[in-house]
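Here is the structure we will look at.
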Amino acid sequence: MKHETFLKDVAIGIGVVLLLALLFQVITDPGIHDLIIKTCIFGLFALSLNLLVGYLGLVAFGHATGFATGAYVFGLLMQTGTWTIPAAMGVAVVAAAALAAVIGAFCIRAREIYFAFLTLAFQMILYSAIISFVSLTGGDQGLMGGYPKPPFLGIDLSRPFDYYLFVCGVTVICVILLRQVIQSPFGYALRMIRDNHERSYFLGIQVKLYQWIAFVIASALAAVSGVMMSLFVTGAFPNFAYWSMSAEPLFMILLGGMQTFLGPLLGAFILQLLNDLVTEHTRYYGLVLGLVILFFILGLRRGLLDVVWDKVSDRRRKAGTVRPASPVTGDAEARERS
Amino acid sequence: MDLAALGDCLGTSSCLIFQTVGGLKIGLLMFLVASGLTLIFGVLGVINFAHGSFYMLGAYLAWQTMALTDNFYLAVLAAALGVGLFGVLFERGFMSRVYRGDVLVQILLCYAFILILDDLVIIVWGEEFLSSLGIPDAFHRPPLFVGGAIVPVFHLFIIGFSTLVAVALWLFMTRTKWGKITRAAEQNPLMVSALGINTSLLFAGIFALGSLLAGLGGALAASERSISSGMGFSVVLESFIVTVIGGMGSIGGAFVAALLIGMTRSFGAIGFPLFTDGLMFVLMCLVLVLRPQGLMGRSGG
Amino acid sequence: MLKLENVHKAFGGVIAVDHVTLDFAPGSLSAIIGPNGAGKTTLFNLISGRIKPDGGRVVLDGEDIAGVHATEIVRRGIGRAFQVASIFPTLTVSEALTGAVLSHRRRTLTLAGRFHRSGLDERVSEIMTLTGLEAQADTLSANLSHGDQKLLDIALAIALEPKLLLLDEPTAGMGPDERWLMIERVQALWRTGGMTLIFIEHDMDIVFKIAQTIRVLKYGAVLAEGPPAAIRENPEVIEAYLGAPAEETAS
Ligand SMILES: Nc1ncnc2c1ncn2[C@@H]1O[C@H](COP(=O)(O)OP(=O)(O)OP(=O)(O)O)[C@@H](O)[C@H]1O
Ligand SMILES: [Mg+2]
């Protein structure tokens with residue numbers, strides 16, 4: 001029966017890509033194309049983070065480590081001029097996963113807020129390394145000078161339409177993969193750990209191992225979005241590894257909704273839209289964004305799709321089966337302080 | 001990397017003393033800020049990620065007071081009290097609403113305040129970097145020469161003053177009733193409320209004290225550094241590192257760790273000029289592996 | 001089956017379990033009783049690997065499992081339920097049990113593709129029937145009644161098909177009627193499952209009615225052990241434990 005949902009996902013995915021391709025032809029405004037591209041890139045980035053935040057209850061604050069590693073490794077390989085895009089992409093993703101395996105082994109030992117800031121600290125090591133090793137990374141200038149984008153399989157990413165379609169396609173594939181993971185027995189285990197890690201131990205689930213695997217998977221997917229971002233700017237910049245790069249996807253998750261699979265994607269879209277709109281009118285984007293965040297945290301208290309979803313399920317489900325409000329406001333789990 | 005230079009420095013007393021004094025100054029200033037962070041974490045169990053912005057606010061407030069009164073000491077005092085007050089408002093108005101929420105919400109709330117404060121100071125004080133406060137007239141005197149090293153008198157003042165604050169903090173925690181309650185709250189928050197102590201008041205007070213320390217650190221640092229929007233972020237990270245190395249919630253640990261980091265920065269600037277930041281992180285990772293609870297922290301974490 | 005040899009555990013100055021030596025026969029149904037703070041839960045924690053003993057051996061089928069990690073002890077066939085029901089609030093009853101069965105079948109590291117569905121749903125509904133939770137299959141665990149939450153906690157342990165099942169006060173917080181219903185279910189589970197069952201209980205009527213063997217703990221030490229009849233007569237027990245009306249000692 002799960003097999004069917006996989007096929008359904010694939011069908012929907014193909015449909016979405018075709019639709020987006022059509023959109024590209026109909027609406028020729030490059031601003032809209034960029035909006036969609038960035039929504040894909042940051043949407044995948046936020047979705048991968050939500051595997052940890054929403055499905056595992058682990059608030060990782062250093063998710064940009066994977067993003068930046070993907071972008072830089074890819075950019076550096078491409079600058080050699082000898083790598084094909086798929087090969088460089090593969091290496092970039094594997095590199096990010098390997099790095100996450102090491103970092104994860106450290107961080108998983110810590111709990112909650114400690115975990116959050118540890119992952120951030122590791123990200124800032126990467127940041128200061130990028131800034132320091134000027135000869136390799138270009139320091140605070142970033143990877144400059146661009147790189148060639150040799151065509152592969154008839155796809156030429158230097159053409160806007162090819163790149164656009166590539167980003168949409170890769171995103172859709174990754175989203176389907178992520179959905180598979182979430183619906184798999186492994187995904188079940190993650191939700192059990194989120195709900196009650198103590199009980200999970202006594203059902204034979206090695207909590208730390210699962211957290212570590214999820215951390216590596218999420219980072220690998222973040223690297224994919226990093227690679228797409230590198231292709232977008234034909235380079236890589238140190239702000240990819242800056243802390244705000246990790247804070248934004250956290251907000252996207254809250255904005256769109258963490259209980260709904262595609263919530264973070266919606267959050268990415270809204271944030272991108274907000275960015276475009278606000279920066280047009282004022283240079284105080286931070287101020288506006290800060291106020292919006294406050295509104296969501298203290299006013300609405302959960303993501304948009306969660307709100308919609310609860311309305312729908314209120315009608316659909318009988319009273320006893322409606323999910324409690326998202327863990328954002330509930331006591332996620334008695335906070336143990338040791 | 002320049003290990004030869006580092007070796008030379010360690011070999012000459014003038015350089016050694018100069019860097020040590022510099023390291024002490026950096027470390028003690030860092031302690032002021034970090035102790036505020038660790039204090040709040042110890043009692044409330046939250047990390048005030050906007051702590052660096054409070055530091056920034058302290059610098060701006062000090063600058064403003066200085067511009068109005070031309071009195072350095074008043075500027076420092078006003079900054080400390082002003083940020084302390086801001087801390088209470090922040091805690092009562094915002095942070096206290098999310099203690100029961102999860103970590104994500106706490107982080108995002110602080111993130112929002114970082115963004116807002118960074119823009120607000122630009123709106124009020126403009127985008128240009130403000131110049132440092134300068135050191136007070138009393139310290140415009142020839143530097144001391146100790147073992148061939150130049151030691152600015154003002155640095156000695158900062159070192160002495162910060163040490164005094166550290167001692168005062170220690171006395172407060174160990175000798176006063178509220179200090180003892182604070183330490184009890186760190187061990188067992190439930191017990192404290194069971195004893196009928198007003199935890200809201202305690203939390204607000206701790207937040208005020210923690211913020212005050214951030215403001216104080218910002219004001220003192222502003223005597224010699226330029227002031228700008230966004231100056232707080234590296235500070236909150238450093239404070240976090242100090243907190244991790246020292247042990248979450250341990251003021252004594254924060255003291256040792258801050259000095260350690262101060263020295264690492266001071267001497268690292270000679271040996272690894274480009275990687276002093278990285279060096280701090282490496283130090284933190286070492287501690288995490290060898291002693292996860294931090295130098296002086298209680299086990300767990 | 002399970003042997004405790006000189007098992008010892010102290011928390012700071014408090015000696016929670018004091019050099020306890022006990023032997024549980026395979027397939028037996030035994031009760032542990034004792035006043036509040038006697039160390040009963042701690043004893044379960046030591047057996048199930050939640051905490052490590054300071055000294056002594058916990059021998060399961062000839063192997064010392066003292067200090068072995070909890071997940072590994074689960075794999076060796078010890079399941080447990082908790083004094084305060086420990087469940088998964090946002091999962092429905094059938095979802096939680098599916099997870100437990102998947103874990104028991106070691107499928108939870110399967111990352112993608114189909115569920116290994118063969119017999120999964122059947123097994124889940126079997127467990128729900130056994131524990132009387134069928135009607136609640138699609139109810140969120142958080143919305144269950146107190147008694148059903150206790151049942152679900154036990155059902156989760158049953159999903160592991162344990163050789164040895166530890167139940168910490170299965171009837172805690174229940175009214176008299178509900179208690180008997182619960183205890184009949186537990187007894188039925190034990191009969192059909194062919195497992196060794198140890199339960200902690202404060203209700204003396206229940207204990208004397210269904211336990212084959214009773215162990216009395218006090219201040220962490222074994223005060224007495226034996227069949228209900230012997231325990232009932234034991235002057236030390238009467239003095240130390242039954243002297244107080246049973247109602248007062250129930251938590
Ligand atoms: N993790 C712990 N840390 C410190 N002390 C503990 C811990 N667990 C138990 N204790 C102490 O050990 C003693 C035995 O506790 P335990 O929970 O085993 O008692 P119990 O027999 O299960 O009591 P009850 O009938 O109330 O459930 C008590 O004094 C308790 O305070
Ligand atoms: Mg107990």
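So that the names make sense, note that chain A is the first sequence line, chain B the second, and so on, each numbered from 1.
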>> For a side chain to side chain contact (heavy atoms under 4.5 Å, CB included) check, start with the C-alpha distance between A/V59 and B/Q106, then their side-chain angles and the critical distance, and finish with the verdict.
In response: CA-CA 11 Å; A/V59 181; B/Q106 292 166 4; over 6 Å; no
> Does the side chain to side chain contact (heavy atoms under 4.5 Å, CB included) test come out yes or no for B/I114 and A/W243, once each step is laid out?
Replying inline: CA-CA 12 Å; B/I114 294 174; A/W243 68 273; 3.9 Å; yes
> Going through the checks in order, is the side chain to side chain contact (heavy atoms under 4.5 Å, CB included) test met by A/L289 and B/Y111?
Replying inline: CA-CA 10 Å; A/L289 180 58; B/Y111 173 48; 3.9 Å; yes
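Comparing B/I122, B/I241, B/T243, B/L117 by heavy-atom pairs within less than 4.5 Å of chain A, the highest count is held by B/I122. Listed options B/L120, B/L237, B/L108 were ranked by heavy-atom pairs under 4.5 angstrom with chain A; first place goes to B/L108. Among the candidates A/L118, A/V134, A/L120, A/I131, the residue making the largest number of heavy-atom pairs closer than 4.5 Å to chain B is A/L118. For chain A, the option among B/F113, B/F94, B/F49 with the highest count of heavy-atom pairs below 4.5 Å is B/F49.
Contacts of B/I107 with chain A are made by side-chain atoms alone, with heavy-atom separations under 4.5 Å and no backbone atom involved. When heavy atoms are compared at a cutoff of 4.5 Å, B/M280 does not approach chain A at all. Looking at A/F61, only its side chain comes within 4.5 Å of chain B, counting heavy atoms on both sides. At a 4.5 Å heavy-atom cutoff, the contact between A/F251 and chain B is made by backbone and side-chain atoms alike. Using a 4.5 Å cut-off between heavy atoms, B/E238 makes no contact with chain A at all.
B/L109 and A/L294 make their closest contact through CD1-CD2, 3.2 Å (heavy atoms, listed as atom of the first residue, atom of the second, distance). Looking at every heavy atom in both residues, A/G286 comes nearest to B/L115 through O-CB, 3.3 Å. Across every non-hydrogen atom of B/A112 and A/G290, the tightest pair is CB-O, 3.5 Å. For the pair A/A121 and B/F240, the tightest heavy-atom approach, listed with the atom from each and the gap, is CB-CE2, 4.4 Å.
Here A/L58 contributes atom CG and B/L104 contributes atom CG; the two are 12.0 Å apart, rounded to the nearest 0.5 Å.
Aromatic ring centres of B/F233 and A/Y242: separated by under 6.0 Å.
Counting heavy atoms from C-beta outward, B/V98 and A/L298 have side chains that approach closer than 4.5 Å.
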